[in-house]
Amino acid sequence: MTTALPELADGDFYYQSLGQGRYRSTIHAQGAWNPHEQHMAPASGIIADALVRHEPRDDVRMARISYEILGLIPGGEFQVATSTLRPGRTIELIQAELSAGGRVAIRASAWRMVTSDTSAVAAIEDQPMPAPDECKPWEGASVWPGGYIRSLEMRLAEGHRPGSGKVWIRTSHPLTDQDDTTDLARLMGLVDTANGIAARVPPGENSYIFPNVDLQIHMYRAPSGEWLGLDNKVSFGGDGIGLTSTVLHDVSGPFGRAEQILTLRKS
């Protein structure tokens with residue numbers, strides 16, 4: 001039986017805001033594995049946006065976001081609800097849930113931590129990537145189907161191969177029709193793309209599928225701008241489980257890391 005396609009919003013953005021935490025996705029949020037689902041990347045962005053807006057404080061910033069993918073993310077209408085799990089003066093844990101049709105599809109938690117001036121000891125070990133203008137255009141849609149992938153501009157660095165690669169991505173589409181999201185939310189809405197930029201095997205029939213069931217993002221610096229750089233490595237174990245590991249960059253340099261655990265199956 002073929003699953004019916006959802007009713008989508010129309011516009012050059014990923015989500016139409018319906019008010020009170022409710023949204024409707026557009027074709028630009030369409031996933032790669034199934035045409036009736038959302039891609040995890042923009043869904044991560046709309047959740048990050050909700051977390052940023054939840055009881056905001058000027059003295060803290062998001063340091064980690066942990067997304068658990070609890071099942072297929074339906075396209076069409078959904079809602080995002082936020083709550084505080086652990087309040088605190090210097091460290092607090094907040095949560096957001098994306099639900100559709102009475103089912104939670106994604107649950108995310110985020111640590112917000114108080115900021116202070118530690119510039120005297122600031123240092124990082126992650127290595128920089130070539131800048132976007134030093135990389136060549138790449139059509140991700142030649143490898144992956146779906147409206148989300150078609151919405152991206154992508155630049156590929158030299159040395160790209162199956163299992164390892166460096167790619168810059170950005171989008172001209174705002175996260176919502178309100179066009180008022182932060183750089184953090186917009187960039188978080190691109191991170192999940194990491195699992196597809198250097199696939200070890202071609203996706204699709206007579207090969208393998210390797211969707212991730214989570215997305216863990218740690219940020220030692222607040223990102224900014226419109227370009228997201230992904231310095232990416234993919235490992236497949238011998239028992240049906242894999243891992244995509246990525247150093248995250250903006251145009252100023254590395255700012256954090258992402259990990260995605262994969263379920264690896266023959267297609």
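FYI, side chains are in, hydrogens and waters are out, and symmetry mates aren't considered; it's all heavy atoms of this structure.
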Worksheet item: Under a 4.5 Å cut-off applied to non-hydrogen side-chain atoms, are Tyr14 and Ser151 in contact?
Response: yes

Worksheet item: Under 4.5 Å between any side-chain heavy atoms of His249 and Asp231, yes or no?
Response: yes

Worksheet item: Between Ser267 (side chain) and Ser207 (backbone), is there a donor-acceptor pair under 3.5 Å?
Response: yes

Throw together a table of side-chain donor-acceptor distances under 3.5 angstrom for residues 128-139, partners on residues two or more places apart or in other chains.
none

Worksheet item: When Ser66 is tested against each of Glu259, His218, Gln216 for side chain to side chain donor-acceptor pair (under 3.5 Å), which residue passes?
Response: Gln216

Worksheet, complete the sentence: Students should find that the hydrophobic cluster of Leu243, defined by side-chain heavy atoms under 4.5 Å apart, otherwise consists of Val213, Ile241, Ile261

Worksheet item: Sequence neighbours excluded, which residues qualify as ring pair (Phe, Tyr, Trp, His ring centres under 6.0 Å) partners of Tyr23?
Response: Phe78

Item to complete: Report the C-alpha distance between Glu97 and Val80 in whole Å, list the side-chain angles of each, state the deciding distance to 0.1 Å, and finish with yes or no for side chain to side chain contact (heavy atoms under 4.5 Å, CB included).
Response: CA-CA 5 Å; Glu97 292 184 332; Val80 180; over 6 Å; no

Response to the item:
Trp111 meets the ring pair (Phe, Tyr, Trp, His ring centres under 6.0 Å) criterion, sequence neighbours left out, with none

Discussion item. So, using ring pair (Phe, Tyr, Trp, His ring centres under 6.0 Å) as the criterion, who are the partners of His39 when residues are at least two apart?
Written reply: Tyr148

Fill in: Student check: side-chain heavy atoms of Tyr220 and Pro254 closer than 4.5 Å
yes

Discussion item. Going by side chain to side chain donor-acceptor pair (under 3.5 Å), Ser109 matches just one of Gln95, Arg64, Glu68. Which one?
Written reply: Arg64

Item to complete: Carefully, step by step, assess Arg22 and Glu77 under the rule salt bridge (Lys or Arg N to Asp or Glu O under 4.0 Å).
Response: CA-CA 7 Å; Arg22 293 164 43 251; Glu77 189 170 339; 3.4 Å; yes

Discussion item. Run the salt bridge (charged side-chain N to carboxylate O under 4.0 Å, His left out) test against Arg61 and tell me which residues pass, sequence neighbours left out.
Written reply: none

